[in-house]
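Worksheet: the structure to be examined is printed underneath.
Letters A, B, ... mirror the listed sequences (proteins, then strands); counts begin at 1.
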Amino acid sequence: MLATVQNCMVIALTVLMLAGAVCACIFKDLISAVIATAFVSLLAALFFFLLHAPDVAMAEASIGAALTTAIFVIAIKKTARSEEE
Amino acid sequence: MRSLIAVILLAVIGLGLALCLSDMPFGANHIATAEKAGRHYLEKAPQETGSANVVTAVVVTYRGFDTLGEVTVLFIAAIGLGMVLYRRKKQEGKPPQPASFVLQTGCCFLFPLILILGVYIFLHGHLTPGGGFQGGVIVASGFLLAYIGCADMKIRHRWFEATESLAGSAFVIAGMAGLAAGGSFLMNFMPKGNFNTLFSAGIIPIIYIAIGLKVGAELTGLIANLLERAE
Amino acid sequence: MSFLFENSYYIAAVGLILIGLYIMAAKKNLIKVIIGLSFFETGINVLLIAAGYIRGGSAPIFSHPDMQAGKMVDPTPQALVLTAIVIGVAVLALALSLAVRLYEHHGTLNLRKIRELKW
């Protein structure tokens with residue numbers, strides 16, 4: 001029973017993660033795309049934790065969700081915000 | 001047309017990955033036999049290195065040379081970023097609008113706490129999850145917060161460069177000391193101490209402190225360069 | 001359904017890799033291409049960690065005296081991925097600084113309009 005609930009949770013997280021990635025692909029506003037990237041990174045950190053890799057989960061949460069987002073936002077601020085066609 | 005080619009390419013790559021993964025069932029015990037590296041690390045690392053966290057033991061001692069190469073790559077990337085964004089005459093842009101009082105006070109209040117968390121994480125790298133890389137990144141994100149939030153904070157590049165070079169040299173010197181003590185580069189020559197206490201595991205905490213300081217200084221300098229140098 | 005239950009981590013990893021590759025191949029904006037690169041990297045990290053997982057294993061940390069080495073997940077891919085993540089952020093920062101410089105030169109991030117990168 002518990003295992004089934006956990007499996008369903010993992011599948012739901014997978015769907016959320018891929019949906020976040022697709023959102024990052026189709027958003028025209030680059031800041032929104034970067035926030036979707038941070039969301040995907042956070043879910044990846046959760047995956048690492050569920051796979052019993054707490055060291056990697058810590059690194060992914062602090063780098064993927066915090067530092068990478070900050071670097072992207074700084075770079076977008078220096079360039080153009082919207083993705084022109 | 002372009003996306004069609006991309007989709008066909010992706011289908012091929014996805015099929016190849018699926019074929020590779022079908023050989024590798026999820027969750028199978030692939031390190032059951034004794035000659036596998038993972039099995040050796042798990043069984044021998046507590047006695048050989050004295051570190052409770054096996055991942056730390058692998059990163060710092062068994063694959064320590066790899067880690068040295070990795071911090072070198074980080075260093076080269078930071079230098080490359082500084083070179084790409086370098087400009088000879090400093091042009092003063094308009095000063096940024098200062099943050100609100102609540103935001104400034106909050107950032108200045110949180111900054112030392114985040115530093116303490118980062119230092120805690122890299123000091124306890126051999127006992128709990130975490131280590132030099134994670135702690136260093138947390139320290140760097142604390143500096144980023146202070147840099148954005150506190151208006152009167154200036155990052156002194158010289159200090160960060162000095163910290164980074166000293167930490168990098170400490171890593172190499174600790175490795176060389178292992179060579180001098182008879183043995184190999186990065187040999188664990190110091191006493192192992194009591195298992196699962198803070199003062200244990202020989203040179204692992206020393207090297208992880210050096211890595212933490214180096215990564216923290218490196219990433220802070222990288223972000224400061226990105227914020228200041230580009231117009 | 002049991003196929004999904006068995007392989008959901010692999011599906012997530014391969015899906016991220018494919019989405020990242022698609023973004024890198026089909027998008028014209030340079031920042032979007034770098035976002036695709038970061039997805040690709042995250043996908044490969046998830047794939048490596050999922051390959052090192054052993055069912056019923058615990059995290060490879062001897063935090064308790066009666067933990068057994070036989071009931072732990074493989075630490076080798078975790079050590080690999082740990083260093084790969086940190087290198088990844090440095091490479092991303094370098095790529096973004098190049099993008100900033102290109103924007104200053106050409107005034108656009110559209111790869112089709114930047115002559116030198118046309119293919």
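- Between Y53(C) and Y9(C), the ring planes lie tilted relative to each other; the angle falls in the 30° to 60° range.
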Stepwise, does the side-chain contact (heavy atoms from CB on, under 4.5 Å) test hold for I35(C) with F39(C)? CA-CA 6 Å; I35(C) 288 176; F39(C) 279 159; 4.0 Å; yes
Just do the side-chain contact (heavy atoms from CB on, under 4.5 Å) check on V40(A) and L16(C) with the steps written out, would you? CA-CA 9 Å; V40(A) 171; L16(C) 263 188; 3.9 Å; yes
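- A pairwise comparison of heavy atoms in A99(C) and T79(A) identifies O-CG2, 4.4 Å as the closest pair.
- In this structure, the side chain of Q78(C) does not engage the main chain of P54(A) through any donor-acceptor pair within 3.5 Å.
- Heavy atoms of I63(A) lying under 4.5 Å from chain C belong exclusively to its side chain.
- Proximity to chain A is limited to the side chain of V73(C), based on heavy atoms less than 4.5 angstrom apart.
- For the set I23(C), L96(C), T42(C), L92(C), the entry with the most heavy-atom pairs within less than 4.5 Å of chain A is L96(C).
- In terms of heavy-atom pairs under 4.5 Å with chain A, the best-connected choice from I19(C), V81(C), V86(C) is I19(C).
- Note: L50(A) leads L43(A), T4(A), I74(A), L50(A) in heavy-atom pairs under 4.5 Å with chain C.
- Here the side chain of S32(A) pairs no donor or acceptor atom with the backbone of K28(A) at under 3.5 angstrom.
- At a 4.5 Å heavy-atom cutoff, the contact between I61(C) and chain A is made by side-chain atoms alone.
- Between chain C and the residues L51(A), V56(A), I71(A), the most heavy-atom pairs under 4.5 angstrom are made by L51(A).
- With a threshold of 4.5 angstrom between heavy atoms, S58(C) approaches chain A through N, CA, C or O but not through any side-chain atom.
- For a residue to count as touching a neighbouring chain, one of its non-hydrogen atoms must lie under 4.5 Å from one of that chain's; by this rule A79(C) does not touch chain A.
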Show which side-chain atoms of residues 5-27 of chain A pair as donor or acceptor with protein atoms under 3.5 Å away, not counting sequence neighbours.
from, atom 1, to, atom 2, distance (Å)
N7(A), ND2, A3(A), O, 3.4
T14(A), OG1, V10(A), O, 2.8

